[in-house]
Undergrad: 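Input: one structure, supplied below.
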Amino acid sequence: MDANRLAQALSLLGVAGYAYFLWFRPSQEGIALALGLALGGAAVAYGERPFLVPLFAVLYGGILFLQLFYGHPWAFLLGGLLGAGLPYAFYRLRKPRR
């Protein structure tokens with residue numbers, strides 16, 4: 001598995017978590033965590049080098065701004081950190097190609 005696949009899997013996990021925390025176990029903190037995970041995983045794409053996807057980065061920033069005043073910013077930041085940080089760490093720790 002490469003970093004791009006891990007980022008896609010974390011984004012899909014965030015979408016599934018959003019549906020779970022919205023319909024089956026209602027929790028505002030869980031929804032914030034799931035949204036952060038989905039957008040954090042989608043905000044960085046990995047090819048030869050990682051690059052920022054502007055649409056998802058702007059969405060993440062806008063929702064973070066709203067979360068600061070009306071929601072649960074720590075859960076959202078934790079989700080974003082996991083969504084963007086785990087694939088980046090996986091990218092940095094991979095063995096270089098020869």
Side-chain angles (χ1 to χ4, degrees):
M1 178 182 281
D2 61 341
N4 198 32
R5 295 274 307 227
L6 181 60
Q8 290 173 354
L10 288 173
S11 293
L12 290 176
L13 182 65
V15 171
Y18 178 79
Y20 176 77
F21 286 119
L22 182 67
W23 292 321
F24 300 116
R25 185 87 53 181
S27 168
Q28 292 296 320
E29 294 88 3
I31 289 174
L33 179 76
L35 273 177
L37 185 64
L39 290 175
V44 180
Y46 296 90
E48 288 295 317
R49 292 185 300 167
F51 61 93
L52 198 62
V53 179
L55 173 67
F56 294 118
V58 168
L59 279 174
Y60 184 85
I63 293 175
L64 177 62
F65 181 75
L66 291 174
Q67 289 288 331
L68 286 173
F69 296 108
Y70 304 111
H72 303 281
W74 295 113
F76 187 75
L77 282 171
L78 177 65
L81 180 67
L82 288 174
L86 286 177
Y88 185 72
F90 192 76
Y91 170 79
R92 296 295 291 174
L93 294 175
R94 70 173 166 69
K95 294 181 181 175
R97 294 181 187 171
R98 294 184 182 217

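Numbers here are sequence positions counted from 1. FYI, side chains are in, hydrogens and waters are out, and symmetry mates aren't considered; it's all heavy atoms of this structure. Everything quoted here is computed from the prediction, not taken from an experiment.
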Undergrad: Indicate the ring-plane relationship of Phe65 and Phe69, choosing parallel, tilted or perpendicular according to the 30° and 60° boundaries.
TA: perpendicular
Undergrad: Give, for atom CG of Leu37 and atom CG of Leu78, the distance between the pair rounded to the nearest 0.5 Å.
TA: 9.0 Å
Undergrad: Can you see which heavy atom on Glu29 is nearest to which on Ala75, and at what distance?
TA: O-CB, 3.6 Å
Undergrad: First locate atom CD of Gln28, then atom CZ of Phe21, and finally report the distance between them rounded to the nearest 0.5 Å.
TA: 11.5 Å
Undergrad: What are the two closest non-hydrogen atoms of Pro73 and Gly71, and how far apart are they?
TA: CD-O, 3.4 Å
Undergrad: Honestly curious: do Tyr91 and Leu6 fall in one hydrophobic cluster under the side-chain, below-4.5 Å linking rule?
TA: no
Undergrad: Sub-3.5 Å donor-acceptor pair from the side chain of Ser11 to the main-chain atoms of Ala42, do we have one?
TA: yes
Undergrad: Linking I/L/V/M/F/W/Y whenever their side-chain heavy atoms sit closer than 4.5 Å, directly or via other members, would Tyr20 and Val15 fall into one cluster?
TA: no
Undergrad: Under 4.5 Å between any side-chain heavy atoms of Tyr18 and Leu35, yes or no?
TA: yes
Undergrad: Would you call Pro87 and Asn4 a side-chain contact if the rule is heavy atoms closer than 4.5 Å?
TA: no
Undergrad: Could you grab the distance from atom CG of Leu22 to atom CD1 of Ile31, nearest 0.5 Å is fine?
TA: 5.0 Å
Undergrad: Nearest 0.5 Å, please: how far is CZ in Phe76 from CG in Leu39?
TA: 5.5 Å
Undergrad: Which heavy atom in Ala34 sits nearest to a heavy atom in Gly17, and how many Å separate them?
TA: CB-C, 3.6 Å
Undergrad: First locate atom CG of Leu68, then atom CH2 of Trp74, and finally report the distance between them rounded to the nearest 0.5 Å.
TA: 9.0 Å
Undergrad: So, the side chain of Tyr46 versus the backbone of Tyr88: is there a donor-acceptor pair under 3.5 Å, distance only?
TA: yes
Undergrad: Are Leu77 and Leu64 side-chain neighbours, meaning at least one heavy-atom pair lies under 4.5 Å?
TA: yes
Undergrad: Does NZ or CZ of Arg49 lie under 6.0 Å from the centre of the six-membered ring of Phe51, at an angle within 45° of the ring axis?
TA: no
